[in-house]
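To start, the structure under review is shown below, and the notes come after it.
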Amino acid sequence: MSKQVIDEIPGVIRIYNDGSIERPLNIWNTPVSASETFVNGVATKDLEINPHTGIWARIYLPETSPDRSQVEKYPILLHFHGGGYCAGSADKRYSYLILSQLVKQCRVMCVSVNYRLAPEHRLPAACEDAMESVVWLRRLARGDCDEPWLSSHGDFTRCILIGESAGGNLVHEVAIRAAAVEQLHPVGLCGGILINPAFVKEQRSRSEMETPPHIALLSIETVDKLASLAMPEGSSKDHPISNPMGPFAPNLQHMNLPPFLVTIAEHDLMRDTQFEYCEAMKIAGKSVEVFISKNVGHCFQNSIMDISLSQQTQDLLDAIQNFIKTCCQEIAK
């Protein structure tokens with residue numbers, strides 16, 4: 001039998017009749033090699049978290065000013081990439097560009113987690129991997145294992161979760177799972193940043209139905225296909241991972257969650273469910289700050305090669321920087 005495509009999201013993923021899967025490369029998602037030598041003020045390196053599952057991470061370290069006599073300790077961003085749980089990785093060009101800029105501007109370290117992808121590993125595999133990265137940080141903080149950059153320069157009491165699109169959903173899911181862990185000390189999760197999170201539900205929202213794909217930078221068909229490939233077998237889009245304010249989601253009222261920043265693109269087709277999520281969190285008594293990026297679509301910051309050309313991207317980075325600063329100040333009190 002000849003090899004044939006049986007399912008596809010153009011430009012994202014191809015599934016063949018022999019069970020093999022391809023994720024096409026383009027100028028946006030080509031891998032960028034790590035460099036332990038500083039490049040434009042940031043050094044990077046890759047390391048393994050779990051050899052059995054293949055989870056690894058890319059670490060970003062900002063360059064220290066030469067006039068500093070003492071080793072600088074930085075807040076740690078724990079990053080989960082987007083891609084509908086089916087695409088993306090920690091070494092892609094779009095992640096490297098935005099995270100390098102974020103690390104330099106905010107003076108933070110970043111650990112970008114390369115979790116398992118669907119459909120080979122359907123949800124909740126990505127959630128389990130994301131939570132395992134938090135436990136791995138705890139082992140580092142306690143000295144049970146070693147990673148020189150994080151051990152020397154990372155402040156484990158100031159950890160902030162961050163993710164875009166599906167990675168934003170992972171931020172919420174990890175915060176819930178971490179709240180159920182009795183002892184994360186000395187790791188302190190002091191905030192969560194959800195950038196254009198991929199919150200959807202079975203009932204179509206108005207923004208899904210009315211926002212043209214070329215403006216939204218995403219189509220309903222793509223969202224539906226990614227959900228069908230990623231959700232646990234037999235689940236719908238009302239699963240708590242995709243619809244954390246839905247009928248099957250846990251009650252958040254008594255959970256000890258950190259403050260969240262939710263960034264919403266004005267033309268994102270999922271903006272209505274993002275606003276609904278923010279409202280549900282506020283009703284549950286949680287601290288939620290909302291930042292709106294005007295005249296742009298879903299994860300616009302990943303759609304241009306030179307992010308310095310985008311004022312909206314700079315405004316987004318500024319909002320993230322202010323939120324990080326506020327979270328760290330609260331920890332210092």
Practice item. Please report the C-alpha distance between Gln101 and Leu99 in whole Å, then the side-chain angles of each, then the deciding distance to 0.1 Å, and finally whether the side-chain contact (heavy atoms from CB on, under 4.5 Å) criterion is met. Key: CA-CA 5 Å; Gln101 187 75 6; Leu99 292 179; over 6 Å; no
Exercise for review: Check the pair Val103, Leu77 against side-chain contact (heavy atoms from CB on, under 4.5 Å), reporting the backbone distance first and the verdict last.
Suggested key: CA-CA 9 Å; Val103 163; Leu77 300 184; 5.7 Å; no
Review point. So Lys3 and Asn17, side-chain contact (heavy atoms from CB on, under 4.5 Å) or not? Walk me through it.
Key: CA-CA 6 Å; Lys3 186 173 180 177; Asn17 56 351; 4.2 Å; yes
Point to revise | salt bridge (Lys or Arg N to Asp or Glu O under 4.0 Å) assessment of Lys286 paired with Glu279 | key: CA-CA 10 Å; Lys286 309 308 171 190; Glu279 186 61 27; over 6 Å; no
Practice item. Verify side-chain contact (heavy atoms from CB on, under 4.5 Å) between Ile160 and Cys190, making sure each step is shown before the conclusion. Key: CA-CA 6 Å; Ile160 296 175; Cys190 61; 3.6 Å; yes
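Between Ala57 and Ile49, the shortest heavy-atom distance links the atoms CB-CD1, 3.8 Å. Across Val113 and Ile55, no two heavy atoms sit closer than the pair CG1-CG2, 4.0 Å. For Leu161 against Ala175, the heavy-atom pair with the smallest separation is CD1-N, 4.0 Å. Residue Tyr60 comes nearest to Ala90 through the heavy atom pair OH-O, 4.3 Å, listed as atom of the first residue, atom of the second, then distance. Among all heavy-atom pairs drawn from Gln183 and His185, the shortest one is OE1-CB, 2.9 Å. Nearest approach of Pro62 to Met109, heavy atoms of both residues: CD-CG, 4.3 Å.
Residues passing the ring-ring contact (aromatic ring centres under 6.0 Å, His included) test with His81 are Tyr115, sequence neighbours excluded. Ser219 meets the side chain to side chain donor-acceptor pair (under 3.5 Å) test with Thr222; sequence neighbours excluded.
Side-chain contact check for Gln274 and Asn196: no donor-acceptor pair (N or O, by modelled atom type) lies under 3.5 Å. There is a side-chain donor-acceptor pair under 3.5 Å between Glu132 and Asn50. Judged by distance alone, the side chains of Thr211 and Arg206 never bring a donor and an acceptor atom under 3.5 Å apart. Between the side chains of Ser205 and Ser207, at least one donor N or O lies within less than 3.5 Å of an accepting N or O. Judged by distance alone, the side chains of Asp146 and Ser151 do bring a donor and an acceptor atom under 3.5 Å apart. Looking only at atom types and distance, the side chain of Glu164 has no donor-acceptor partner in the side chain of Gln301 under 3.5 Å away.
Here the side chain of Asp315 pairs no donor or acceptor atom with the backbone of Asp318 at under 3.5 angstrom. Checking side-chain atoms of Ser100 against main-chain N and O of Leu97 turns up no donor-acceptor pair under 3.5 Å. A donor-acceptor pair is defined here as one N or O able to donate and one able to accept, closer than 3.5 Å; such a pair exists between the side chain of Ser35 and the backbone of Thr37. Judged by distance alone, the side chain of Gln321 and the main-chain N or O of Gln105 form a donor-acceptor pair under 3.5 Å. A donor-acceptor pair under 3.5 Å links the side-chain atoms of Asn169 to the main chain of Ala198, judged by distance alone. Arg158 places no side-chain N or O within 3.5 Å of a backbone atom of Cys327 that could act as its donor or acceptor partner. Between the side chain of Asp129 and the backbone N or O of Arg116, at least one donor-acceptor pair lies under 3.5 Å. Counting only distance, with no hydrogens or angles, the side chain of Ser152 and the backbone of Trp149 share no donor-acceptor pair below 3.5 Å. The backbone N or O of Leu137 lies less than 3.5 Å from no partner atom in the side chain of Arg142, so there is not a single donor-acceptor pair. Under the 3.5 Å distance criterion, the side-chain polar atoms of Ser95 are left unmatched by any main-chain donor or acceptor of Asp91.
Placement of Val32 and Trp56 in two distinct hydrophobic clusters is found when ILVMFWY residues are connected by side-chain heavy-atom separations under 4.5 Å, directly or transitively. Phe300 is not connected to Val12 by any chain of hydrophobic side-chain contacts under 4.5 Å among Ile, Leu, Val, Met, Phe, Trp and Tyr, and they are in different clusters. No chain of hydrophobic side-chain contacts below 4.5 Å, direct or via other Ile, Leu, Val, Met, Phe, Trp or Tyr residues, connects Phe80 to Tyr94. With hydrophobic clusters built from ILVMFWY side chains whose heavy atoms lie under 4.5 angstrom apart, Ile13 does not share a cluster with Val5. Cluster annotation: Val181 and Ile76 are assigned to the same hydrophobic cluster (Ile/Leu/Val/Met/Phe/Trp/Tyr, side-chain heavy-atom contacts under 4.5 Å, transitive).
For the pair Phe156 and Leu140, the minimum side-chain heavy-atom distance is below 4.5 Å. Between Cys110 and His79 the shortest side-chain heavy-atom distance falls below 4.5 Å. Between Glu147 and Lys45, the closest side-chain pair of non-hydrogen atoms falls below 4.5 Å.
Put simply, CE on Met245 and CE on Met281 are 11.0 Å apart, with the number rounded to the nearest 0.5 Å. The CZ atom of Phe199 sits 10.0 Å away from the CD1 atom of Ile264 when rounded to the nearest 0.5 Å. If you take CG on Leu194 and OG1 on Thr263, they are separated by 8.0 Å, rounding to the nearest 0.5 Å. Expressed to the nearest 0.5 Å, how far OG of Ser33 lies from OH of Tyr96 amounts to 10.0 Å. One finds the CG atom of Asp238 at 10.5 Å from the CE atom of Met231 (value rounded to the nearest 0.5 Å). For the atom pair Glu266 CD and Gln312 CD, the distance stands at 10.0 Å (nearest 0.5 Å).
Applying the 6.0 Å contact sphere to NZ of Lys325 captures no more than 12 heavy atoms from other residues, nucleotides or ligands. Shown here is Asp144, whose CG atom has more than 12 heavy atoms of other residues, nucleotides or ligands within 6.0 Å. By the neighbour-count criterion of 12 heavy atoms within 6.0 Å, atom CG of Asn256 is sparsely surrounded, having that number or fewer from other residues, nucleotides or ligands. Summarising the local packing, CD of Glu36 is surrounded by more than 12 heavy atoms from other residues, nucleotides or ligands at distances under 6.0 Å.
Under the 4.0 Å criterion applied to side-chain N and carboxylate O atoms, Glu276 and Lys201 are assigned as salt-bridge partners. Between Lys104 and Glu63, no side-chain nitrogen of the basic residue sits less than 4.0 Å from a carboxylate oxygen of the acidic one, so the salt-bridge criterion is not met. The pair Arg58-Asp46 counts as a salt bridge, with a side-chain nitrogen and a carboxylate oxygen less than 4.0 angstrom apart.
The aromatic rings of Phe260 and Tyr277 sit parallel to each other, their planes meeting at less than 30°, with 60° as the upper class boundary.
Under the 6.0 Å cut-off for aromatic ring centres, Tyr85 and His121 do not qualify, their centroids lying 6.0 Å or more apart.
Glu173 pairs in a side-chain contact (heavy atoms from CB on, under 4.5 Å) with only one of the listed residues (Pro124, Pro240, Cys127), which is Cys127. Each of Thr273, Asp224, Asn243 was compared with Lys237 under the side chain to side chain donor-acceptor pair (under 3.5 Å) criterion, and only Asp224 meets it.
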